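Taking it in order: structure first as structure tokens, then the write-up.
It should be emphasised that the depicted structure is a prediction, and the values quoted were computed from it without experimental measurement. As a basis for the values below, the full set of heavy atoms in this structure was taken, side chains included, without hydrogen atoms, waters or symmetry mates. Each chain gets a letter, A, B and so on, in the order its sequence line appears, and its residues count up from 1.
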There are 2 protein chains.
Amino acid sequence: MVDPTPFLDALARAGLRLTAPRRALAQLIADQAGHFSAADLVAESQARSLGIGRATIFRTLDALSGLGVVERIDLPSGEHAYVGCAPTHHHHVVCSRCGRTAQIDDAGLRTVVREVAQRTGYRVDEHKLELFGLCPACLPAAPFPLQRPA
Amino acid sequence: MVDPTPFLDALARAGLRLTAPRRALAQLIADQAGHFSAADLVAESQARSLGIGRATIFRTLDALSGLGVVERIDLPSGEHAYVGCAPTHHHHVVCSRCGRTAQIDDAGLRTVVREVAQRTGYRVDEHKLELFGLCPACLPAAPFPLQRPA
DNA sequence: GCCATACTGAGACTCAGTCGCATCACGCCC
DNA sequence: GGGCGTGATGCGACTGAGTCTCAGTATGGC
Ligand SMILES: [Zn+2]
Ligand SMILES: [Zn+2]
Ligand SMILES: [Zn+2]
Ligand SMILES: [Zn+2]
């Protein structure tokens, strides 16, 4: 039951209409603890009998991610998931157990990108960094790393 | 018409059989200039009348990526693509125009990962970094960056 | 309150990827 | 150089994500 206003504000600021389905979805998204999939929203919307069409859920996710307040992450499994987040450049650490994410800013990546550009001769326009592991809350539950950190 | 033996070697080393479809696919993959999708292979296999089933293509890609000689990359568009590559830890710079990729090793990312872990309290087990831009060959053709480098 | 128009829901559709199963053929052993 | 066990194949049906169309609805500027 977190605050959905950032999502609504973003929509309003972009000149998009604040319709009932969008309000409901903003709330639904704000309520998510970790990352969530479009299917999750469909299921919950049905569970809560919100009467929101599947297409609208996809369209709203598109709109919100276009505005940068929701971001798509590519799970190692190949699935797509979303997280609500701030519309500034950043990356995510994703907990493989509970799905909760933390935002991280540049964290020294700028240097890495510059070095890569220099070494490869590519002009790098865009980059994506995702980190997976266990959040502080889940750490005690799982003693061994899945893979050696690298 | 590049050399398909690295793929075949990897299969053999893993105790997998070198069947006709796998040989054909190894060649097909070796022939790819940039990244390719499962659908690309299906199409080319049909074009060359290789008679390879769709399922086999997916299964072979799974096997090869399990062995690390092929890697799945998540394009910004959300599509999945594959690239043949060395079975060591590395990342890719992907040309948004021609799809050609360059491998890059750690490139200072280790430090970034460590810093992120420290700042967030997460234990980071796995990470994925992908860079997108233009390769040296495509650079002259496209004067403006799609987005400000960040 | 009216109206242009952005948005919506329903449902059909496409396309990636999976699965089960009968058949095949690789490659080890002789 | 054959047999044979078993891993691999192809087919075709299936699932599930995401898209599209279109007629109808409701937002928000005026
Ligand atoms: Zn984000
Ligand atoms: Zn967790
Ligand atoms: Zn690779
Ligand atoms: Zn290029």
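- Residues of residues 11-33 of chain B that place a heavy atom closer than 4.0 Å to DNA chain C, in numerical order, are R17(B), L18(B), T19(B).
- For residues 77-95 of chain B, no pair satisfies salt bridge (charged side-chain N to carboxylate O under 4.0 Å, His left out), with sequence neighbours left out.
- In terms of the side chain to side chain contact (heavy atoms under 4.5 Å, CB included) criterion, residue partners of T19(A) (sequence neighbours excluded) are, by chain and number, R17(A), P21(A), R22(A).
- For A107(B), the side chain to side chain contact (heavy atoms under 4.5 Å, CB included) test picks out V112(A), V116(A), R119(A), D105(B), with sequence neighbours left out.
- Between chain B and DNA chain C, the heavy-atom contact criterion of under 4.0 Å yields a 5' to 3' nucleotide range of dA16(C) to dG27(C).
- Side chain of S96(B) to main chain of G133(B): a donor-acceptor pair is present (N/O by atom type, distance under 3.5 Å, no hydrogens or angles).
- Ring pair H91(B)/H127(B) is tilted by interplanar angle, where 30° to 60° counts as tilted.
- Applying the side-chain hydrogen bond (donor to acceptor under 3.5 Å, both in side chains) test to T5(A) and every residue at least two apart in sequence or in another chain returns D3(A).
- Two different hydrophobic clusters hold V83(A) and F58(A) under the rule that ILVMFWY side chains link at heavy-atom gaps under 4.5 Å.
- Pairing each heavy atom of D74(B) with each of K128(A), the nearest pair is O-NZ, 3.4 Å.
- With sequence neighbours left out, A30(B) forms a side chain to side chain contact (heavy atoms under 4.5 Å, CB included) with V2(B), P4(B), F7(B), Q27(B).
- Looking at residues two or more places apart in sequence or on another chain, you find no side-chain hydrogen bond (donor to acceptor under 3.5 Å, both in side chains) involving T111(A).
- Overall bending of the helix from dG1(C)-dC30(D) to dC30(C)-dG1(D), expressed as the angle between end axes built from five pairs apiece, is 40° (10° steps).
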Donor-acceptor list for residues 38-56 of chain B side chains, cut-off 3.5 Å, not counting sequence neighbours:
from	atom 1	to	atom 2	distance (Å)
D40(B)	OD1	S37(B)	OG	3.3
D40(B)	OD2	S37(B)	N	2.8
D40(B)	OD2	S37(B)	OG	3.2
E44(B)	OE1	R48(B)	NH2	3.1
E44(B)	OE2	Q32(B)	NE2	2.9

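- Within 4.0 Å of G78(A), counting heavy atoms only, lies no atom of the nucleic acid at all.
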Nucleotides 17-20 of chain D: which of its N/O atoms have a protein N/O under 3.5 Å away?
from	atom 1	to	atom 2	distance (Å)
dG18(D)	OP1	H80(A)	ND1	3.2
dG18(D)	N7	R54(A)	NH2	2.5
dG18(D)	O6	R54(A)	NH2	2.9

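- Annotation: side chain to side chain contact (heavy atoms under 4.5 Å, CB included) contacts of P136(B) (sequence neighbours excluded): Y122(A).
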